[in-house]
Asks: 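Once you've had a glance at the structure underneath, I'll fire off some questions.
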Amino acid sequence: MLTLTHYLILSFTLFSIGVAGVLLRRNIIIVLMSLELIFNSVNISLAAFSYFLRSLNGTVFVIFNITVAAAEVAIGLAILVTVYRARRTVNVDEIDELRG
Amino acid sequence: MIFNNAAIMQTLNVNLNAVAPVALMTVLAIVLMVIDFFLKRENKFSLGIVTLIGLVLILPVAATTVDPAPAFGGMVIADAYAAFFNVVFIIAAIFAVVISNDYLRKISSERGEYYYIIIFATIGMMVMASANDLVNLYVGLELMSLSFYILVAMRRSATGAEGALKYFILGAFSSGILLYGITFTYGFAGTTNLTEIARMGVNLSSANHYLLIAIIMLVAGFAFKIAAFPFHLWSPDAYEGAPTPVTALLSVGSKAAAFAFFLRFFGGAFHEFHAHWAGLLWILSAATMLVGATVAIQQKNIVRMLAYSSIAHAGIILIGVVVMNGFASAGVMFYMFVYAFMNMGAFTVVALMARNDGTGKSISDYKGLAGRRPVLAFVMALFLLSLAGIPPTGGFTAKFFILASAIEARYYWLAAIGVISTVISLFFYAKVIFYMYMKEPDALDDMAPVTQAPSTLAYNIIIFITAVSTMVLGLCPTPVMDMAIAAVSHL
């Protein structure tokens, strides 16, 4: 029998992997994928809470989240294209003109 | 129909009046999108005029839309508090649009989408200020953030794209953390509605591990949005990379929107748990004030200096959130109101000083400005002194209200750190004034006209309005402060 805790542990694991990916990986494409992972881990815990609390708010929230995440990734990729055109690189370490 | 329509309408409380300002702004944005479609590239400036007229017409509607009853099933609340912040957002948007027209020509990036994305960002802020539900808050927050990512990337230079990329990654990351916090708020309260969460809080025993995770995550997510230490790293880069009018709107609008929700959330929904979150915010506030003021000293670029100064300001405004009584909350609102004018004014001078090739943003470019343009140097000095908190400017009154509320509530150490931060920040504000009045310009080419703009009229109008408002708010703060106190009394 799967309990709420199982889903929360799954969600927390995915969230941690996502956070680690954003903080540690140098390739922006991977960073964007890690961001998606964070959003989806949140969706899992929202859906789980929604199911176990017998409340619909969480499910509605998940649908909003998916929509917003789609818009977010579209803008992220657009910015990435602009950066790539200017710098010819997708490595975070090499994008360091602004300092201070 | 199985359901009784009238009964459903009553529970939902469909009140179109409550969302009138947001609806009108959306109409304005759509109208701009349609007009943009028919305009030639060289006529895009007329979109700015349409935007300006629209915003000026919507401003009185936003100021008068006051309805303390939650509408749309408790999702939206258009109280006096929301109206106050809506006015701040629209004023900031008006200033940004007016100075954009000429600035976009300078960086030769006259694009129609610029104007309606500014409107969309403002709509996001307004949704945040009047949100009474976490779903609504999140959608408003993302509408604002996504619009700002695009606006920061608008100047398609390498620095613009780099600033936008850093802002995007850290912004999306912070949204994820915030969202995780919202999840756990939902998990322990069983609802996303702020009124119901507040009701839940009264009955709940304090030891709840979901609650602690929720508080830590929410505070971290919001600290990103207001650029508090240690989550401030995106802000100088985004500020420097963005077109200056966008920087001005970003520093005023997004901060005010985040604080608007901060106050409503921690003052309303989580008020019962003050003991749990106040300590965390105390540390955040103290660290932000000190780091912002100290790092600003070594900046060579005026935009980066103002970015760190706005970080220090965020720390001082956070004092009001930590104290969290009626007077402190009103102090935060008053601070945001004054900040909108003085910071917009300072950024307008920066936009005016910027040259066509993108230079002119270094502090050393301000050397000897008093000799060449005495009036401009004088108002810049006024804005900087106001930001530093010198009487009789608005910045002094705003800081005074916040620090007085902290002392009244016996937060002596926090107030002391606030004063220390103000003293440190005087150092870098005074440096610019010193450069303007005491130093000779570096080379002869600096004697060339500061701006080749066809007309500086737009800048002059904004500088005049912001300068007068900064002084008036310093000399007679009572009307605005009374409005703020009345607005928080219903919170």
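Chain letters run A, B, ... following the sequence lines, proteins first and then strands; every chain starts at 1.
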Asks: Flag the one option from A/Thr82, A/Leu46, A/Asn43, A/Leu32 with the top tally of heavy-atom pairs under 4.5 Å to chain B.
Replies: A/Leu46

Asks: Should the heavy atoms of other residues, nucleotides or ligands under 6.0 Å from CZ of A/Phe64 be counted, would the total exceed 12?
Replies: no

Asks: Which one of B/Ala164, B/Ser175, B/Gly187 has the most heavy-atom pairs closer than 4.5 Å to chain A?
Replies: B/Gly187

Asks: Please test B/Tyr180 against A/Ser45 for side-chain hydrogen bond (donor to acceptor under 3.5 Å, both in side chains), starting from the C-alpha separation and ending with a verdict.
Replies: CA-CA 8 Å; B/Tyr180 207 55; A/Ser45 56; 5.4 Å; no

Asks: Using heavy-atom distances under 4.5 Å, tell me whether A/Ser50 contacts chain B through its side chain, its backbone, both, or neither.
Replies: both

Asks: Is chain A contacted by the side chain of B/Met305, its backbone, both, or neither, given a heavy-atom distance below 4.5 Å?
Replies: neither

Asks: A/Val31 versus chain B, heavy atoms under 4.5 Å apart: side chain, backbone, both or neither?
Replies: side chain

Asks: Less than 4.5 Å to any heavy atom of chain B: does that hold for the side chain of A/Val60, its backbone, both, or neither?
Replies: neither

Asks: Quick check for you: to the nearest 0.5 Å, what is the distance between A/Ile79 atom CD1 and B/Tyr167 atom OH?
Replies: 10.0 Å

Asks: Tell me which of these, A/Val19, A/Thr67, A/Leu80, has more heavy-atom pairs under 4.5 Å with chain B than the rest.
Replies: A/Val19

Asks: Can the ring centroids of A/Phe49 and B/Tyr210 be said to lie less than 6.0 angstrom from one another?
Replies: yes

Asks: Mind checking the CD-CG spacing from B/Glu142 to A/Asn65? Nearest 0.5 Å is all I need.
Replies: 8.5 Å

Asks: Pick whichever of B/Leu146, B/Leu134, B/Asp133 has the most heavy-atom pairs under 4.5 Å with chain A.
Replies: B/Leu146

Asks: May I ask you to check whether over 12 heavy atoms, not counting those of A/Arg85, lie within 6.0 Å of atom CZ?
Replies: no

Asks: Using non-hydrogen atoms only, which part of B/Leu143 is less than 4.5 Å away from chain A: side chain, backbone, both, or neither?
Replies: neither

Asks: Can you list the steps and then say if B/Val135 with A/Asn57 is a side chain to side chain contact (heavy atoms under 4.5 Å, CB included)?
Replies: CA-CA 9 Å; B/Val135 180; A/Asn57 288 23; 5.8 Å; no

Asks: Quick one: pull up CG in A/Leu53 and OG1 in B/Thr191 and give me the separation to the nearest 0.5 Å.
Replies: 10.0 Å

Asks: Between A/Ser34 and chain B, with a heavy-atom cut-off of 4.5 Å, which part of the residue counts as in contact: side chain, backbone, both or neither?
Replies: neither

Asks: Can you name the nearest heavy-atom pair linking B/Ala161 to A/Val83, along with the distance?
Replies: O-CG2, 3.5 Å

Asks: With a 3.5 Å distance limit and no angle check, can you tell me whether B/Tyr186 reaches the backbone of A/Gly58 through a side-chain donor-acceptor pair?
Replies: yes

Asks: Indicate the atoms forming the closest heavy-atom contact of B/Gly190 with A/Ser55, along with that distance.
Replies: O-OG, 3.9 Å

Asks: Starting at CG of B/Leu165, measure out to CD1 of A/Ile28 and round the result to the nearest 0.5 Å.
Replies: 4.5 Å

Asks: For the pair B/Thr183 and A/Phe61, evaluate side chain to side chain contact (heavy atoms under 4.5 Å, CB included) and give the outcome as yes or no after the intermediate values.
Replies: CA-CA 9 Å; B/Thr183 306; A/Phe61 208 150; over 6 Å; no

Asks: Answer with side chain, backbone, both or neither: which region of A/Phe12 has an atom nearer than 4.5 Å to a non-hydrogen atom of chain B?
Replies: both

Asks: What residue in B/Gly176, B/Ala153, B/Ser145, B/Gly171 has the most heavy-atom pairs under 4.5 Å with chain A?
Replies: B/Gly176

Asks: Going through the checks in order, is the side chain to side chain contact (heavy atoms under 4.5 Å, CB included) test met by A/Glu72 and B/Phe168?
Replies: CA-CA 9 Å; A/Glu72 192 135 37; B/Phe168 171 79; 3.8 Å; yes

Asks: If you measure from CD1 on A/Ile38 to CG on B/Leu179, what distance do you get to the nearest 0.5 Å?
Replies: 10.0 Å

Asks: Tell me, side chain or backbone of A/Leu35 under 4.5 Å from chain B's heavy atoms, or both, or neither?
Replies: side chain

